[in-house]
Amino acid sequence: MTQIQELVERALAASTADGCVVVASENTQTNLRWAGNSLTTNGQMSSRSFTVVSTFDGPDGTSAGVVTRAVSTEDELDALVRASEQAGRDAGPAEDAAPLVENYAHNDDWAADPARTDVEVFRAFAPALGAEFDRWRKADQLLFGYAEHAVTSTFVATSTGLRRRFDQPDGMVQLNGKSSDFARSAYASVHTNDFADVDAAALAAEVEQRLRWAETRLDLPAGRYETIMPPSTVADLMIYAYWTASARDAEEGRNVFAGPSGQSRIGDELSALPLRLYSDPTYPGLECAPFEIATESGGGLQSVFDNGLATSATDWIRDGRLTDLIRTRAWAKRSGAEPRPGIGNLILSGEGGGFSQQEMIADTERGLLLTCLWYIREVDPQTLLLTGLTRDGVYLIEDGEVAGAVNNFRFNESPIGLLGRVTEVGRTELTLSREWGDYFTRTAMPTLRVPDFNMSTVSQAS
Amino acid sequence: MPEIDAAFLSYPARELAGVALDRATELGAEHADFRLERIRVANLNLRDAQLESSTDSEDIGLAVRVVHDGAWGFASGIARTADAARALAEQAVATAKVSRVLSSDPVVLAPEPVHADVTWISSYEINPFDVPEAERIGRLTELSERLLAADGVDHVDASLMQVLENKFYADTAGTMTTQQRVRVHPTFTAVNVDRAAGAFSSMRSLALPAGRGWEYLVGTGWDFDAELAELPGLLLEHVKAPSVEAGRYDLVIDPTNLWLTIHESIGHATELDRALGYEAAYAGTSFATLDRLGSLQYGSPVMNVTGDRTVEHGLATIGYDDEGVAAQQFDLIKDGVLVGYQLNRQMAHAHGSALGTTRSNGCALADSPGHIPLQRMANVSLQPDPGGPSTEELISRVERGIYVVGDRSWSIDMQRFNFQFTGQQFHRIENGKLVGQVRDVAYQATTTDFWGSMEAVGGPQTYVLGGAFNCGKGQPGQVAAVSHGCPSALFRGVNVLNTKTEGGAQ
């Protein structure tokens with residue numbers, strides 16, 4: 001196959017549109033999946049995707065044709081450029097039209113080969129996992145889970161001369177342990193860029209400890225409980241709030257961030273605690289593209305016209321106050337504000353270092369400790385009420401210690417409502433959302449203490 | 001009659017399959033299969049009758065799956081050359097060797113009849129990819145503008161997703177299939193904003209995705225013009241409706257809502273891979289375990305549920321599955337009792353004695369050339385009562401209840417016990433009559449309690465085929481489209497929550 005950068009240049013050269021943006025990516029990934037102490041599936045995949053945006057200026061505005069293909073030959077690339085141009089001519093004015101991003105200084109190594117991965121990335125992890133299968137089989141307990149490593153090299157090029165590229169590694173291990181009768185279940189996960197930092201034995205030990213906690217089983221009714229939310233569960237809820245943070249929706253009165261008379265709630269206090277919710281493409285361990293990559297427009301959250309726009313650390317909430325919302329350049333111009341492109345990581349932190357989760361447990365007289373949340377869906381967009389379930393371990397804390405595992409619950413809670421009720425913020429650490437970890441992998445979150453988490457009904461699931 | 005897309009037929013599928021399958025056999029594979037797939041997806045999004053985005057994407061690639069020394073191996077790539085096909089076969093065998101070390105029970109596939117060189121095309125009239133973009137945008141704009149002009153409608157979101165899927169499959173037993181499917185999913189949502197009250201409300205068209213072509217947008221299978229004319233009035237009534245009082249209610253659930261409850265509480269729960277624990281760490285397991293086959297009382301005696309991949313316009317409908325098994329219809333629940341599961345060839349062989357069959361029922365599916373086939377959902381449908389009542393008759397049997405219409409929010413636990421659903425419209429029933437909408441309703445139940453409370457199902461005249469494009473399962477994640485048919489049905493004493501009082505502080 002032809003080198004991806006050559007194809008990008010060929011696409012730009014072949015374009016007869018008024019403006020052209022090419023977003024090309026090469027993805028390799030490898031995975032292992034296991035159930036009941038045995039590998040079930042595995043795979044190695046490679047793919048290449050080209051999106052060509054062709055823009056045409058007309059009397060009523062600028063139109064855009066956006067076509068994406070899995071291109072492997074020059075002929076296919078030429079056909080893609082033509083298809084994009086045809087779509088652009090057919091489309092009529094795009095409401096998110098903006099001038100293409102001009103070239104600017106940066107340090108990307110455009111010419112370097114795309115970064116790749118293969119099954120070799122598991123060379124230390126796979127045997128360590130195999131050893132755990134043996135150990136768990138002997139203990140009459142079961143391991144389930146999944147390990148994945150993916151590398152995507154993305155190239156953004158514009159007819160205005162910009163050439164940017166970013167190599168994004170992304171990996172994870174999810175480990176679920178169960179008793180042989182499936183009555184007890186525990187879970188641990190880790191996000192990793194290269195698997196060098198993954199310790200299968202340590203993850204398995206954590207799962208094992210939690211299964212031991214569950215040897216004492218207690219039943220609790222639905223109700224409101226003081227609850228220790230570990231970082232992964234906080235990520236579940238904050239990611240959803242972030243995906244909802246469209247300035248346009250807010251100013252049109254259509255989301256939880258809407259204020260009175262055409263304004264958003266920017267400036268409002270969401271929490272009395274000095275919480276900071278932000279994104280930073282340079283955050284250690286969570287590095288992500290420092291420029292906009294958009295293969296489609298939508299929701300006021302992203303625009304294909306903004307491809308290549310540089311991003312930098314952005315506060316969404318600072319000192320407990322809503323400070324900004326995501327805004328395309330087109331909407332920024334219409335609303336007289338600064339553009340705020342979305343960024344591929346999300347961090348929540350409190351003041352100073354914060355206590356560890358263990359310290360927060362020790363400081364709890366009676367409360368629940370969660371492991372994961374699951375099947376989270378929006379119930380009421382007005383308040384951003386979400387529903388979902390607890391999963392793989394809800395533990396009762398009494399007098400600073402775990403007293404046993406309790407039944408699962410269905411919750412109904414709003415992340416925005418919760419921010420206003422949090423009473424303690426722990427230490428921020430890298431974590432992986434269980435619910436959204438397939439789509440949004442780079443998060444750092446603290447453990448939170450909520451005095452009255454709404455466990456709406458009981459779930460019999462174990 | 002539609003034909004298989006000429007561009008797809010121009011790919012050298014047979015030659016590549018021959019190279020890959022020969023190489024896998026040479027390397028000692030007991031079984032090998034090859035897929036060449038192309039999936040075209042186009043999305044249109046309009047916001048307030050203005051084009052927000054139009055995208056057209058295509059994924060094409062090759063996949064080779066082998067059983068080698070009793071272990072699975074899988075590899076996929078995008079280059080369509082003989083060398084690439086051969087290399088994929090080698091990679092698949094190599095991964096099988098790696099996984100052999102970590103696997104316990106050897107993989108054996110249930111034998112199935114060979115289908116040599118067969119072709120199948122789904123039932124549609126107009127390939128939406130043959131309709132010029134300007135015409136498609138024009139239709140969505142026209143309908144959006146009409147909605148936007150109506151009293152009480154401040155914003156309108158419209159979207160159309162259309163898919164053209166082509167699959168070529170060949171295996172070492174000699175089955176060879178070439179198939180084509182088309183599906184469309186149009187949505188229209190009207191939004192009311194009350195700035196003074198700091199409130200907003202929305203209501204979506206009840207039209208559900210269908211295995212149809214462009215004709216669905218212009219009058220075949222759904223009347224958008226008529227439905228969207230009524231939507232603003234229903235939205236305004238919803239905006240002004242009182243908030244529901246939480247408690248137990250009798251529910252008459254319309255098929256436009258009930259299909260999703262079937263999907264979550266029956267469709268996923270009767271997937272054998274879930275019941276066996278293969279999905280335990282991700283999508284979850286099922287309370288309907290294999291030891292309860294033939295004895296589990298799933299619901300009331302009026303409950304009869306089938307799986308099928310044959311119904312016309314069904315989203316999971318196909319000629320042959322991704323293991324070369326012919327599509328069929330089968331029973332899952334009979335007179336309220338669990339009697340079957342959705343199967344693939346590996347599970348059918350491994351659990352033949354418990355299942356009482358050693359044949360697959362054709363539920364293997366990969367969502368793309370880059371993914372390995374999983375056991376995926378057939379069209380799982382609740383059967384109507386042949387001489388059963390109309391929706392109005394069901395409503396007439398209720399003293400105090402709610403008629404639930406249209407799906408919205410959905411969530412169910414990882415063993416398929418506890419679910420909570422909302423909807424688009426909630427019409428209060430008093431003494432057998434509809435007396436106006438209420439709002440902020442969610443209904444919540446445990447699966448077997450809920451289906452056990454089903455007193456009556458409507459007749460065939462109430463039957464609607466609903467469904468979704470976005471059913472997720474597996475790791476790496478796969479997305480599949482599936483339909484669910486059902487009649488209206490009457491449930492007694494279901495827990496109803498008020499979603500306003502559920503939120504916020506104590």
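Letters A, B, ... mirror the listed sequences (proteins, then strands); counts begin at 1.
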What do you reckon, are the aromatic ring centroids of B:Tyr278 and A:Trp34 less than 6.0 Å apart?
->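 Here the rings of A:Trp34 and B:Tyr278 have centres that are no less than 6.0 Å from each other.
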Specify the closest pair of heavy atoms between [X] and [Y], including all atoms of both residues, with the distance to one decimal.
X        : Y        : value
A:Gly92  : B:Leu51  : O-CD2, 4.4 Å
B:Gln415 : A:Ala461 : OE1-CA, 3.2 Å
A:Thr295 : B:Thr55  : O-CG2, 4.0 Å
A:Ala35  : B:Gly277 : CB-O, 4.0 Å

So what's closer than 4.5 Å to chain B heavy atoms on [X]: side chain, backbone, both or neither?
X        : result
A:Asp134 : neither
A:Arg265 : neither
A:Thr73  : neither
A:Pro381 : both
A:Val304 : neither

Atom group of [X] that falls short of 4.5 Å from chain A, counting heavy atoms:
X        : result
B:Asn45  : neither
B:Glu279 : both
B:Phe417 : side chain
B:Arg38  : neither
B:Arg100 : neither
B:Gln444 : side chain
B:Ile137 : side chain
B:Thr81  : neither
B:Ala283 : backbone
B:Ala442 : neither

Would you call [X] and [Y] a side-chain contact if the rule is heavy atoms closer than 4.5 Å?
X        : Y        : result
B:Asn418 : A:Thr457 : yes
A:Arg254 : B:Asp157 : yes
A:Val379 : B:Gln420 : yes
B:Glu58  : A:Glu76  : no
A:Gln44  : B:Thr95  : yes
A:Pro260 : B:Arg195 : no
B:Tyr282 : A:Asp438 : yes
B:Val98  : A:Asn42  : no

Quick check for you: to the nearest 0.5 Å, what is the distance between [X] atom [atom1] and [Y] atom [atom2]?
X        : Y        : atom1 : atom2 : result
B:Gln91  : A:Ser46  : CD    : OG    : 7.5 Å
B:Leu276 : A:Thr40  : CG    : OG1   : 12.0 Å
A:Thr387 : B:Trp410 : OG1   : CH2   : 12.5 Å
A:Ser47  : B:Asp59  : OG    : CG    : 7.0 Å
B:Ser409 : A:Leu386 : OG    : CG    : 9.0 Å
B:Met414 : A:Leu389 : CE    : CG    : 6.0 Å

Only counting residues at least two apart or in another chain, list the ones meeting side chain to side chain contact (heavy atoms under 4.5 Å, CB included) with B:Arg439.
->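 Partners of B:Arg439 by the side chain to side chain contact (heavy atoms under 4.5 Å, CB included) criterion, ordered by chain and then number, come out as B:Ser201, B:His238, B:Ala241.
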Under 4.5 Å, counting heavy-atom pairs only, tell me which of B:Ile412, B:Val193, B:Ile372, B:Thr422 racks up the most with chain A.
->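 The candidate making the most pairs under 4.5 Å is B:Ile412.
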Considering only heavy atoms and a distance below 4.5 Å, find which of B:Gly198, B:Ala199, B:Gly61, B:Gly77 pairs most often with chain A.
->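 Sorted descending by pairs with chain A, the first entry is B:Ala199.
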Can [X] and [Y] be counted as having a side-chain donor-acceptor contact under 3.5 angstrom?
X        : Y        : answer
A:Gln460 : B:Asp413 : no
B:Ser57  : A:Arg69  : no
A:Gln86  : B:Glu133 : no
A:Tyr375 : B:Glu264 : yes
A:Ser456 : B:Glu502 : yes

Could you have a look at [options] and say which one has the most heavy-atom pairs with chain B under 4.5 angstrom?
options                                : value
A:Ser49, A:Gly130, A:Ala87             : A:Ala87
A:Thr68, A:Leu32, A:Asp90              : A:Thr68
A:Val53, A:Asn255, A:Thr28             : A:Asn255
A:Gly420, A:Gly300, A:Gly262, A:Gly177 : A:Gly262
A:Arg248, A:Glu296, A:Arg89            : A:Arg248

Main chain of [Y], side chain of [X]: is a donor-acceptor contact present, judged purely on distance under 3.5 Å?
X       : Y        : answer
B:Gln50 : A:Ala94  : no
A:Arg33 : B:Gly474 : no
A:Glu95 : B:Leu46  : no

Carefully, step by step, assess B:Lys500 and A:Asp380 under the rule side-chain contact (heavy atoms from CB on, under 4.5 Å).
-> CA-CA 8 Å; B:Lys500 284 282 183 265; A:Asp380 183 359; 2.4 Å; yes
Look at A:Glu252 together with B:Arg47 and state whether they make a salt bridge at an N to O cut-off of under 4.0 Å.
->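 Looking at A:Glu252 and B:Arg47, the cut-off is met.
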Please name all residues satisfying ring pair (Phe, Tyr, Trp, His ring centres under 6.0 Å) with B:His68, sequence neighbours left out, ordered by chain then number.
->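 Residues passing ring pair (Phe, Tyr, Trp, His ring centres under 6.0 Å) with B:His68: none at all.
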Check the pair B:Thr285, A:Phe182 against side-chain contact (heavy atoms from CB on, under 4.5 Å), reporting the backbone distance first and the verdict last.
-> CA-CA 10 Å; B:Thr285 60; A:Phe182 280 60; 4.0 Å; yes
When B:Ser411 is tested against each of A:Glu378, A:Arg377, A:Arg410 for side chain to side chain donor-acceptor pair (under 3.5 Å), which residue passes?
->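 With B:Ser411 as partner, A:Glu378, A:Arg377, A:Arg410 yield a single side chain to side chain donor-acceptor pair (under 3.5 Å), made by A:Arg410.
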